[in-house]
Amino acid sequence: MKPYIFITRKLPEETILELTEKFDVKMWEQEDFPAQREVLLAEAKKASGIITMLSDKVDEELLSAGENLKVIANLAVGFDNIDLKAATERGIIVTNTPDVLTETTADLTFALLMATARRIVEAADYIKAGKWEGWSPYLLAGHDVYGKTIGIVGMGKIGEAVARRAKGFGMEILYHNRSRKPEAEKETGAVYRSFEDLVSTADYVVSLAPLTDETRHLFTADVFAKMKKSAIFINAGRGPVVDEQALYHALQKKEIAAAGLDVFEKEPIPTNHPLLELPNVTAIPHIGSASTDTRTAMIKLCCTNVKAVLTGDSPKSIVNNAVLQ
């Protein structure tokens, strides 16, 4: 019998040909609505490989059900939705999709920064609502980007790509990371700072930090209080690194000027969430890597990884190398 693969969202058939030509493949029938938990558990019992989304919870229960599971390919760079320790203990290889989405996500991050700074979404809504009745000197006046100071929290590959874009805007670039990045410093002129120094100095604080025990709720009420009143906070990394209630109060009290958010603590964010009521919040639905070319490349990398594992080869991007030792 051919190995069985389950894909948790509907993907274009042409992007998964590498799998359908060789394996028995089944996809969840919807693109924008996740498979129910009971479906995931039932499919895990049969599958040799699963292609998952960041919103799929791959925990001890699901991994225990997967008696034949050999590989889980996550359609994302992050993998905080997967119990990596439990997967490794069971000899299940976990892969992700690094590199192919770096530049696309950096584009989106900088676009979100600029849209928030210059109030682009607010201005577009203003004109569509028929409110533009004349010119005034400070009509929808925003914040300059060129020549300002950007502070990047999480200087991975995406952070470095954002720094390159900031350099083109003549920005002073500060960064904080678990370790220094000498090559990035040399290429972009970025300067390493402590977290506390960065948040109190930067005009734009950009979070691209991964979600770990150390970074969960890294941005608290105390942190927002240390920022400049003119500071703009951008989160294109992981939603739970922010205490959203603290962010709401900081924006409401004008402790900071604005926020641009691509990620949230719970996704999808409900329409009645307090943050969405604030005019100085630019919120978009987790579309950091959402270009057609990049999403296609991510899907194909997942397929390549699954095929490699199930045919006895090494995957291109393995997260838990310990499983091979």
Fill in: Sub-4.5 Å side-chain heavy-atom contact between R9 and M53
yes

I'd like to know if [X] and [Y] make a salt bridge, using a cut-off of under 4.0 Å between side-chain N and carboxylate O.
X	Y	value
D107	R165	yes
K26	E43	yes
E255	K229	no

Item to complete: Show the numbers, then the answer: is there a side-chain hydrogen bond (donor to acceptor under 3.5 Å, both in side chains) between E265 and H217?
Response: CA-CA 10 Å; E265 285 199 76; H217 278 198; 2.9 Å; yes

Worksheet item: In chain order, what residues pass the side chain to side chain donor-acceptor pair (under 3.5 Å) check against N96, with sequence neighbours excluded?
Response: none

Response to the item:
Applying side chain to side chain donor-acceptor pair (under 3.5 Å) to Y175 and not counting sequence neighbours gives E185

Worksheet, complete the sentence: Applying salt bridge (charged side-chain N to carboxylate O under 4.0 Å, His left out) to R37 and not counting sequence neighbours gives D59, E61

Discussion item. For E31, I'd like to know if atom CD has over 12 heavy atoms of other residues, nucleotides or ligands within 6.0 Å.
Written reply: no

Worksheet entry | Within 6.0 Å of NZ in K157, more than 12 heavy atoms from elsewhere | no

Worksheet, complete the sentence: Which of T97, N305, T95 passes side-chain hydrogen bond (donor to acceptor under 3.5 Å, both in side chains) with S317? It is N305

Item to complete: For the pair K85 and E89, evaluate salt bridge (Lys or Arg N to Asp or Glu O under 4.0 Å) and give the outcome as yes or no after the intermediate values.
Response: CA-CA 6 Å; K85 182 174 181 290; E89 288 173 350; 2.7 Å; yes

Discussion item. Could you walk me through whether Y204 and F233 satisfy the ring-ring contact (aromatic ring centres under 6.0 Å, His included) test, starting with their C-alpha distance in whole Å, then the side-chain angles of each, then the deciding distance to 0.1 Å, before giving a yes or no?
Written reply: CA-CA 6 Å; Y204 295 90; F233 176 69; over 10 Å; no

Practice prompt. Determine, step by step, whether L208 and V162 satisfy the side chain to side chain contact (heavy atoms under 4.5 Å, CB included) criterion, reporting the C-alpha distance in whole Å, the side-chain angles of both residues, the deciding distance to 0.1 Å, and the verdict.
Written response: CA-CA 10 Å; L208 290 163; V162 169; 3.9 Å; yes

